[in-house]
Amino acid sequence: MFRSIVPSASTDSETAAFANARIDWKETPEAHVFKADLPGVKKEEVKVEVEDGNVLVISGQRSKEKEDKNDKWHRVERSSGQFLRRFRLPENAKVDQVKAGLEHGVLTVTVPKAEEKKPEVKAIEISG
């Protein structure tokens with residue numbers, strides 16, 4: 001029920017490392033909280049959406065660094081390219097109240113939870 005659905009946005013090996021952006025999902029008593037490390041990504045390059053009523057979609061792109069033809073690269077380890085992650089939210093998610101923020105390279109998406117209705121218990125007097 002809480003599994004991530006990950007369709008590959010790109011099969012290009014250059015972008016593969018970033019295409020599967022690592023995202024943590026924790027549940028607190030009040031909300032579902034998603035955190036993604038997106039260093040070097042501007043908020044304009046990230047989209048957070050809810051589709052099909054209960055699927056949280058986090059997508060974006062990290063631009064490739066401009067290359068100067070006079071530069072000599074010794075090592076390239078940072079990845080660039082597109083990423084896309086989908087998470088099916090549980091029924092108690094308030095998808096109309098989702099909030100997202102990007103601070104210090106960490107995207108935080110908070111999905112509030114609806115209060116659980118406690119079953120009403122009524123004591124019945126036993127006669128006899």
Problem - Glu91/Asn54 under side-chain contact (heavy atoms from CB on, under 4.5 Å): CA gap, chis, key distance, verdict - result: CA-CA 8 Å; Glu91 288 183 24; Asn54 71 335; over 6 Å; no
Practice task
Evaluate side-chain contact (heavy atoms from CB on, under 4.5 Å) for Val98 paired with Val50, printing each intermediate quantity in order.
Solution key: CA-CA 9 Å; Val98 176; Val50 176; 4.1 Å; yes
Completion exercise
Across all chains, not counting sequence neighbours, the side-chain contact (heavy atoms from CB on, under 4.5 Å) partners of Val57 are Glu49, Glu51, Val55, Leu84, Arg86
Practice task
Please list, chain by chain and in numerical order, all residues satisfying side-chain contact (heavy atoms from CB on, under 4.5 Å) with Lys26, sequence neighbours excluded.
Solution key: Thr28, Val33
Going from [atom1] on [X] to [atom2] on [Y], what distance comes out if it is rounded to the nearest 0.5 angstrom?
X	Y	atom1	atom2	answer
Ser59	Arg85	OG	CZ	12.0 Å
His32	Thr110	NE2	OG1	11.5 Å
Lys113	Gln97	NZ	CD	14.0 Å
Ile58	Leu38	CD1	CG	8.5 Å
Trp25	Leu56	CH2	CG	8.5 Å

Exercise for the section: Taking all non-hydrogen atoms of both residues into account, name the closest pair between Pro112 and Ala31 and its distance. Expected result: CA-CB, 3.9 Å
Practice task
Indicate yes or no: at least one non-hydrogen side-chain atom of Phe83 is less than 4.5 angstrom from one of Gln61.
Solution key: no
Exercise for the section: State, with a plain yes or no, whether a side-chain heavy atom of Leu107 is found less than 4.5 Å away from one of Lys35. Expected result: no
Exercise for the section: Measure from the side-chain N and O atoms of Arg62 to the backbone N and O of Pro39, and report whether any donor-acceptor pair falls under 3.5 Å. Expected result: yes
Practice task
Please answer whether the main-chain N or O of Lys42 pairs with a side-chain N or O of Glu45 as donor and acceptor at a distance below 3.5 Å.
Solution key: yes
Practice task
Consider only side-chain heavy atoms of I, L, V, M, F, W and Y, link residues closer than 4.5 Å, and tell whether Val95 and Val48 are in one cluster.
Solution key: yes
Handout entry: Plane angle bin for Phe87 and Phe34 - parallel if under 30°, tilted between 30 and 60°, otherwise perpendicular
Key = tilted
